[in-house]
Amino acid sequence: MVRFAVPLCLGGAVMASATAASSSSYIQYSTVKGYFLQDNNSANATTFDYTASNFGLINQTYPSDSHDAASLTQWERFSHLVWSLNANAPKNVEYKVLFLGRHGEGYHNAAESYYGTPAWNCYWSLLQGNESVTWADAHLTKKGISQALKANAFWLSRIQTQKIPTPQSYYVSPLSRCLATANLTFGGLPLPANHPFLPTVKEKLREGISEHTCDHRSNKTYIHHTFPSWNIEPGFTEYDELWTGVTSESDSAQDLRSKQVLDDIFSTDCSTWLSFTSHSGEIASILRVLGHRSFC
Ligand SMILES: *[C@@H]1O[C@H](CO)[C@@H](O)[C@H](O)[C@H]1NC(C)=O
Ligand SMILES: *[C@@H]1O[C@H](CO)[C@@H](O)[C@H](O)[C@H]1NC(C)=O
Ligand SMILES: *[C@@H]1O[C@H](CO)[C@@H](O)[C@H](O)[C@H]1NC(C)=O
Ligand SMILES: *[C@@H]1O[C@H](CO)[C@@H](O)[C@H](O)[C@H]1NC(C)=O
Ligand SMILES: *[C@@H]1O[C@H](CO)[C@@H](O)[C@H](O)[C@H]1NC(C)=O
Ligand SMILES: *[C@@H]1O[C@H](CO)[C@@H](O)[C@H](O)[C@H]1NC(C)=O
C-alpha cells in the first residue's frame, strides 16, 4: 500500500510506555508526550525534518538531571531520564524509545509519481513492472539509496556530537526496500560491541497488504541469501502467504497485527532502545496502536 511518495516521512523517535494488566497478559500502550516535537499537535509532519531537529528531541531540563548535567548532551540527559523512569516504574509498566524509520524511495514510489496515482492504483500497480523497471517487492531507486545514506550520516553525527544511545535491537520489515534501507542506515556506524547492527526480520512489520505487487515479499531463501547474518523470526514462511493480489487488508486488520508485533517485541525483548525500519502505512498503524497522533 502506498500512501505517500515522500520517503522517510518519519525519521523520528517516539517514547512509549506499556502497561500489562496484572491479571492478564493484555498489554496497553501509550505515548509519553512532551519529549519529542512529533507528538505535539501543532507540529507539521509535512515540513518536519528529523536532521534539523535532533530526531525531534526537545531541548529542556529534566527532573532527573544530575549535578553535572550542564556538561552532558540532550540525548545523554534524556537517556538518564528514561533509565530513571524505568527504575521508578511499577513492575507492570515499562518505557521504551522507538526509532521509526521509513524506507527510502522505491521503484513503486517513483512509478506512482510517473503515472499519477489514479492510473497507478487501477492499472500499473497490479503489474510486476514496466519495460524498464520492476516494482514487485520494489528495490530502492538511486534517490532512495541517497535518502538512506543521509540517515546514516545523521546517525553518525548524533553518535559523535550527541552521544545518542544507539538501538539495542533492530527490527525490519521483510520487504526489500526496508531491508536495503536498514542496511544502509546502520552500516559502518561505530556501534557498541554488545549491541551490533544485527536486525531481525519480522513479517508483521510489512506494509499494509494491498493488491499491489510492491507489497508481495520475496521468498525467505532470497532474504537470507541477501543478508546471511541477519535473523529471520521463527515461523517465517518460505513464501509470502499473506499477499493474494486480489484482496487487501483493512486498517483495523492492520492495526490488530501491528499490536501483535508490538506485543511480541515488548514481551520478549527487554531492551529500551529499539529501531524499526518499516513503511509509511505501517508506521501510521503502529502510531495508532501507541496512541500517538497521526504523523505521516
Ligand atoms: C506545542 O507546540 C506549541 C508551539 O510550538 C507550544 O506553544 C506548546 O507549548 C507545545 N505543547 C506542548 C505540550 O509541548
Ligand atoms: C503543513 O505544511 C504544508 C507545507 O508547507 C502546508 O501545505 C500545510 O498546510 C501545513 N499543515 C498545517 C496543518 O499547518
Ligand atoms: C537545542 O540546543 C542545541 C545546543 O545547545 C542548539 O544547537 C539547538 O539549536 C537547540 N534547538 C532548539 C530547537 O532550540
Ligand atoms: C517505467 O516507469 C518508470 C518510472 O518508475 C519510468 O521512468 C520509465 O520511463 C517507464 N518505462 C517505460 C518504458 O515506460
Ligand atoms: C549493505 O550495506 C553496505 C554498506 O554499509 C553495502 O556495501 C552492501 O552492498 C549492502 N548490502 C546489500 C545486500 O545491499
Ligand atoms: C526465491 O526468490 C528468488 C528471487 O526472486 C528466485 O530467484 C528463486 O528462484 C526463489 N526460490 C524459490 C525456492 O522459489
Side-chain angles (χ1 to χ4, degrees), residues 2 4-7 11-13 34-40 42-44 47-62 65 68-79 81 103-147 154 157-164 174-180 201 203 206 212-228 230 232 236-243 245:
V2 185
F4 293 92
V6 191
Y35 298 104
F36 291 97
L37 292 169
Q38 296 90 308
D39 59 50
N40 185 323
S42 56
N44 187 328
T47 53
F48 179 75
D49 177 359
Y50 70 97
T51 66
S53 64
N54 204 14
F55 278 126
L57 186 66
I58 296 168
N59 283 348
Q60 61 181 312
T61 59
Y62 309 120
D65 280 351
D68 61 347
S71 64
L72 301 178
T73 69
Q74 193 68 47
W75 274 103
E76 286 178 298
R77 290 188 292 109
F78 179 65
S79 166
L81 169 82
H103 61 81
E105 183 190 75
Y107 282 104
H108 64 309
N109 300 122
E112 181 175 359
S113 306
Y114 178 77
Y115 292 110
T117 297
W120 167 254
N121 279 338
C122 82
Y123 181 73
W124 295 99
S125 64
L126 309 175
L127 309 180
Q128 300 290 304
N130 65 13
E131 282 167 23
S132 39
V133 301
T134 299
W135 51 68
D137 190 19
H139 287 228
L140 297 181
T141 63
K142 266 195 180 143
K143 182 177 165 191
I145 290 170
S146 69
Q147 288 164 329
F154 188 66
S157 78
R158 292 311 88 183
I159 293 168
Q160 291 173 338
T161 67
Q162 281 279 320
K163 302 196 176 79
I164 190 172
L175 289 152
S176 289
R177 53 195 182 273
C178 287
L179 303 173
V201 176
E203 184 86 274
R206 64 193 291 164
H212 301 180
T213 61
C214 58
D215 295 331
H216 190 190
R217 75 157 164 87
S218 293
N219 60 51
K220 180 179 173 182
T221 303
Y222 169 82
I223 295 172
H224 175 65
H225 182 254
T226 312
F227 297 104
W230 294 13
I232 299 180
F236 191 85
T237 56
E238 175 63 26
Y239 298 106
D240 188 348
E241 293 178 4
L242 302 175
W243 185 87

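We use all heavy atoms of the structure for the numbers below, so side chains are in, but hydrogens, waters and symmetry mates are not. For ligands, and for the atoms within them, numbers begin at 1 and follow the listed sequence.
- For the pair Thr221 and ligand 6, the shortest N or O to N or O distance does not fall below 3.5 Å.
- The backbone N or O of Tyr222 sits less than 3.5 Å from a side-chain atom of Asn219, completing a donor-acceptor pair.
- Residue contacts with ligand 4: Glu131 is placed with no nitrogen or oxygen under 3.5 Å of a nitrogen or oxygen of the ligand (distance criterion only).
- For Asn130, a nitrogen or oxygen atom sits less than 3.5 Å from a nitrogen or oxygen atom of ligand 4, counting backbone and side chain alike.
- Near Tyr115, the atoms of ligand 4 lying under 4.0 angstrom from a non-hydrogen atom of the residue are 1 (C), 2 (O), 10 (C), 14 (O).
- When the options Asn219, Ile223, Asp137 are ranked by their closest heavy atom to atom 12 (C) of ligand 6, first place goes to Asn219.
- For the pair Val201 and Phe227, the minimum side-chain heavy-atom distance is 4.5 Å or more.
- Using a 4.0 Å threshold on non-hydrogen atoms, atom 14 (O) of ligand 3 counts as touching the protein.
- At under 3.5 Å, a nitrogen or oxygen of Tyr239, whether backbone or side chain, sits near a nitrogen or oxygen of ligand 6.
- With hydrogens and angles ignored, the 3.5 Å screen pairs no side-chain donor or acceptor of Arg217 with any backbone N or O of Leu242.
- Close approach to Ala111 involves these atoms of ligand 4, each under 4.0 Å from a residue heavy atom: 4 (C), 5 (O).
- For ligand 3, the atoms sitting less than 4.0 Å from at least one non-hydrogen atom of Asn59 are 1 (C), 2 (O), 3 (C), 8 (C), 10 (C), 11 (N), 12 (C), 14 (O), numbered in the order shown with element in parentheses.
- Aromatic ring pairs are classed by plane angle as parallel below 30°, tilted from 30° to 60° and perpendicular above 60°; the pair Trp75 and Phe55 is perpendicular.
- In this structure, atom 5 (O) of ligand 3 is not in close contact with the protein, since no protein heavy atom lies within 4.0 Å of it.
- Between Phe78 and Phe36, a ring centre-to-centre spacing shorter than 6.0 Å is recorded.
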